[in-house]
There are 2 protein chains.
Amino acid sequence: MPTHKRKLFNNIDLGGGHRMTPQRQIVYEVLMSSRDHPTATEVFIRVQERMPSISLATVYNCLDTLAVAGIVKQVNVDREPSRYCGNLAPHAHFHCETCATVMDVDLKGGEEPSKLLKLPRGAKIQKVEVEVRGQCPECARKEKQKDNL
Amino acid sequence: MPTHKRKLFNNIDLGGGHRMTPQRQIVYEVLMSSRDHPTATEVFIRVQERMPSISLATVYNCLDTLAVAGIVKQVNVDREPSRYCGNLAPHAHFHCETCATVMDVDLKGGEEPSKLLKLPRGAKIQKVEVEVRGQCPECARKEKQKDNL
DNA sequence: ATATTATTTAGAATAGTTCTTGATAAAAAT
DNA sequence: ATTTTTATCAAGAACTATTCTAAATAATAT
């Protein structure tokens, strides 16, 4: 039989008694369909297209909840605005200083980043972040062209 | 002949026409004698002991100038206040979430961190930062002891 | 000496993020 | 089913690390 008053969200538990609400669902979907590591404000703008009533504070709350639940990652490069990432596989982030994009970079051997370090005996690792700043191939090429004129 | 009116600072050029001023000298000395990766405010407090008239803005300026000159490093872990480090050798930073200290960690093989990455062909690297969050051995031990009671 | 440039300082301004509050809604308990 | 509890949302205020502004000072170049 057709459900004429279906609930719009599923009752997924995110841990710690957190629910998968419509707002969290849309924030999550927007992030998973983004490849550019958007900031909270950028996520906010994209979510607004589908849910105009949502507030920026809620987007911050949702992103934080999803990150604590471990289904998205918060990415920080220097002290720039935090960016968010749906790629849970271990990887590094390359930040182009010219075009300001952030892209995923794989680690050699596909290894756990913690294996790259001489960690003190007994240390407990929660997360390892590898960040690269520089110029992406495209911007480096453009600059070289300009210099050769 | 003895100089009876000696200048208190040397006229070192930091590049880009920047001078080694008394403030910058003291900020630099304080940082080099610190092993705990102090924040700008912590540097400010330590510098004040030797130069009470210095302002926090100047400490920020000095740290920035020294970092641009390449003789100190700015260290960021997540979006916490920036910390500063006089160790110019390539290394990672371990941040203990329990006691909030930041310590240096060597990379395996003493390698350049950029060699650990599958960087896209043509990318230009400016810097690579490796940050670890977790619990230092001491705090991990203490917590284990507590659990065993 | 004078002009130029860099530096310092105090405080104002900025920006990303978090917090507060009251309202709403879902879940649990009765 | 009603009540109670707990979680969530929204708007805006508050917070905080940092940067900016403007005026004064000091060092270098002319």
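First the proteins, then the strands, lettered A, B, ... as listed; each starts at 1.
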So, using side-chain contact (heavy atoms from CB on, under 4.5 Å) as the criterion, who are the partners of [X] when residues are at least two apart?
X: A140(B); result: K124(A), Q135(B)
X: S34(B); result: V30(B), D36(B), P38(B), R46(B)
X: Y60(B); result: A40(B), L56(B)
X: P137(B); result: P120(A), A123(A)

### Task
Just grab all the ring pair (Phe, Tyr, Trp, His ring centres under 6.0 Å) pairs involving residues 73-109 of chain A, residues at least two apart or on different chains.
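For residues 73-109 of chain A: H37(A)-H93(A), H91(A)-H93(A).
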
### Task
Scan for salt bridge (Lys or Arg N to Asp or Glu O under 4.0 Å) pairs involving residues 91-105 of chain B, sequence neighbours excluded, and state none if there are none.
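Residue pairs with at least one partner in residues 91-105 of chain B: E97(B)-R133(B).
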
### Task
Please collect all salt bridge (Lys or Arg N to Asp or Glu O under 4.0 Å) contacts where either partner lies in residues 56-77 of chain B, sequence neighbours excluded, each pair once.
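Qualifying pairs: none.
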
### Heavy-atom donor-acceptor pair, D78(A) side chain to E80(A) backbone, under 3.5 Å
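The answer is no, because no donor-acceptor pair under 3.5 Å joins these two groups.
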
#### Entry: Reading 5' to 3' through nucleotides 16-22 of chain C, protein heavy-atom contacts under 4.0 Å coded B for base, S for sugar-phosphate only, - for none
SBBB---

Whole Å only: how far is the [atom1] atom of [X] from the [atom2] atom of [N]?
X: Q48(B); N: dA10(C); atom1: CD; atom2: C1'; value: 14 Å
X: Q25(B); N: dT7(C); atom1: CD; atom2: P; value: 14 Å
X: I26(B); N: dT7(C); atom1: CD1; atom2: P; value: 16 Å

Check the interface with nucleotides 4-8 of chain D: list each N/O to N/O pair with the protein under 3.5 Å, or write none.
| residue | atom | partner | partner atom | Å |
| --- | --- | --- | --- | --- |
| dA7(D) | O4' | R19(A) | NH2 | 3.0 |
| dT8(D) | OP1 | R19(A) | N | 2.8 |
| dT8(D) | OP1 | R24(A) | NH1 | 2.4 |
| dT8(D) | OP1 | R24(A) | NH2 | 3.3 |
| dT8(D) | OP2 | H18(A) | ND1 | 2.9 |
| dT8(D) | O5' | R24(A) | NH2 | 3.4 |

### Contact under 4.0 Å: T58(A) side-chain N or O vs dA10(D) OP1/OP2
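Yes, such a contact exists.
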
